[in-house]
Amino acid sequence: MKTLKVLLGIGAAIGLMAIATQPSGAADVPYYKGPNQANVFSWNGAYVGIATGYAVGDINFSGPAAFSVEPRGFTIGGVLGYNWQLSRNWVFGVEADLDWTNIDRTTNIGPVGINSGLDYMATVRGRLGYSFGTWMVYARGGWAGGHLATNVGIANLSADDFVTGWVYGAGVEMALSRDWSLDFNWRRMDLSGTQNFGPAALNADPEIDIYKVALKWRFANYAF
């Protein structure tokens, strides 16, 4: 509940800022007027945005030693994408993002403290949405990767590797005006790779759930 309240608070603040920055009357006309047709809102076009969120998950290690770390932390980054409005209701899109994070946690195995987490991550996804005019619900999935760093305190060992895998999730996006929208979403990242500590290597399998809110600006909001 605390995480949800934080995200809702961030989303409300971003939404108010977006509305406040609109030119006079823009927020009151969230529609695209196509040639020879009535006013109909369109999700079509390219967009950029900023996003923040909160992540929880597990990193499972196996090999010469087996243990798990349960990282937590915030994310912040940018998003870039393009939508094609296939019909009045169906929207297909592609989207990519890059986030900087402090998703980590320390676990103790006896006297040994092991800290592990992701400090940045990226995804490239396809998205299929169903539009209700100025609202859209969607599902998405694609490629994901992240930079995983692990430190073993007492042994003074560290590993620093890029792990890859898949991402999938769902969300809801609402238009604040013709050009601005607010996107609330959840995603699951299933990653795998190796953490190389020099004399030994461990298999690492991060599974991370991320709850995000993004403010997007469509700079090519045209119907083709």
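The analysis underlying the following values was restricted to heavy atoms, covering all of them including side chains, and did not include hydrogens, waters or symmetry mates. On a predicted model such as this, the values are computed, not experimentally measured, just so you know.
Of the candidates N185, T52, D183, T52 is the only one forming a side-chain contact (heavy atoms from CB on, under 4.5 Å) with V213.
Contact annotation: the side chain of D99 never approaches that of L118 to less than 4.5 Å [non-hydrogen atoms, C-beta and beyond]. The shortest distance between side-chain heavy atoms of L128 and V91 does not fall below 4.5 Å. Within the 4.5 Å cutoff, no side-chain heavy atoms of S181 are placed close to those of Y47.
The residues R218 and D179 are annotated as not salt-bridged, no charged nitrogen and carboxylate oxygen being separated by less than 4.0 angstrom.
Among residues two or more places apart in sequence or in another chain, the side chain to side chain donor-acceptor pair (under 3.5 Å) test is passed with R72 by none. Applying the side chain to side chain donor-acceptor pair (under 3.5 Å) rule to D161 yields the partners Q195, N196; only residues at least two apart in sequence or on another chain are considered. For W135, the side chain to side chain donor-acceptor pair (under 3.5 Å) criterion is met by no residue, not counting sequence neighbours. Applying the side chain to side chain donor-acceptor pair (under 3.5 Å) test to S68 and every residue at least two apart in sequence or in another chain returns nothing.
Residues L202 and P64 come closest through the heavy atom pair CD2-CD, 3.4 Å. I59 approaches S116 most closely through the heavy-atom pair CD1-OG, 3.7 Å. Smallest separation of non-hydrogen atoms from N151 and S158: OD1-CB, 3.1 Å. Taking all atoms of both residues into account, the shortest heavy-atom contact from M189 to A144 is CE-CB, 3.8 Å. Nearest heavy-atom pair, A175 versus F41, reported as atom, atom and distance to 0.1 Å: CB-CZ, 3.5 Å.
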Residue pair Y211, Y54: steps toward the ring pair (Phe, Tyr, Trp, His ring centres under 6.0 Å) verdict: CA-CA 5 Å; Y211 306 89; Y54 188 76; 8.2 Å; no
With side chain to side chain contact (heavy atoms under 4.5 Å, CB included) as the criterion, how do I50 and V79 come out once you've worked through the C-alpha distance, each side chain's angles and the decisive distance to 0.1 Å? CA-CA 6 Å; I50 56 172; V79 58; over 6 Å; no
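With values rounded to the nearest 0.5 angstrom, L148 atom CG is found 11.5 Å from T164 atom OG1. Atoms CH2 and OH, on W43 and Y82 in that order, are 15.0 Å from each other to the nearest 0.5 Å. In this structure, CG on N203 lies 10.0 Å from CZ on F61, to the nearest 0.5 angstrom. Between D58 atom CG and I208 atom CD1 the span is 7.5 Å, to the nearest 0.5 Å. Here the CZ atom belonging to F92 is positioned 13.0 Å from the CH2 atom belonging to W90, to the nearest 0.5 angstrom. A distance of 8.5 Å separates CG in L86 from CG in N44, rounded to the nearest 0.5 Å.
With hydrophobic clusters built from ILVMFWY side chains whose heavy atoms lie under 4.5 angstrom apart, W143 does not share a cluster with V163. In the hydrophobic cluster analysis, where Ile, Leu, Val, Met, Phe, Trp and Tyr join through side-chain heavy atoms closer than 4.5 angstrom, I114 is grouped together with L191.
Relative ring orientation between W186 and Y168 is described as perpendicular, the plane-to-plane angle rising above 60° on a 0-90° scale split at 30° and 60°. The aromatic rings of F219 and W217 sit tilted, their planes meeting at an angle between 30° and 60°.
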For a quick test of your reading: what N or O donor-acceptor pairs under 3.5 Å do the side chains of residues 120-127 make, sequence neighbours left out?
residue	atom	partner	partner atom	Å
T123	OG1	D97	OD1	2.6
T123	OG1	R125	NH1	2.3
R125	NH1	D97	OD1	3.4
R125	NH1	D97	OD2	3.1
R125	NH2	E95	OE1	2.1
R127	NH1	E173	OE1	2.9
R127	NH2	N83	OD1	3.1
R127	NH2	E173	OE1	3.4

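Of the possible polar contacts, none joining the T150 side chain to the A159 backbone as a donor-acceptor pair under 3.5 Å is found. D209 places no side-chain N or O within donor-acceptor distance of the main-chain N or O of R188, the cut-off being under 3.5 Å.
Judged as a salt bridge (charged side-chain N to carboxylate O under 4.0 Å, His left out), not a single pair has a partner in residues 82-92 (not counting sequence neighbours).
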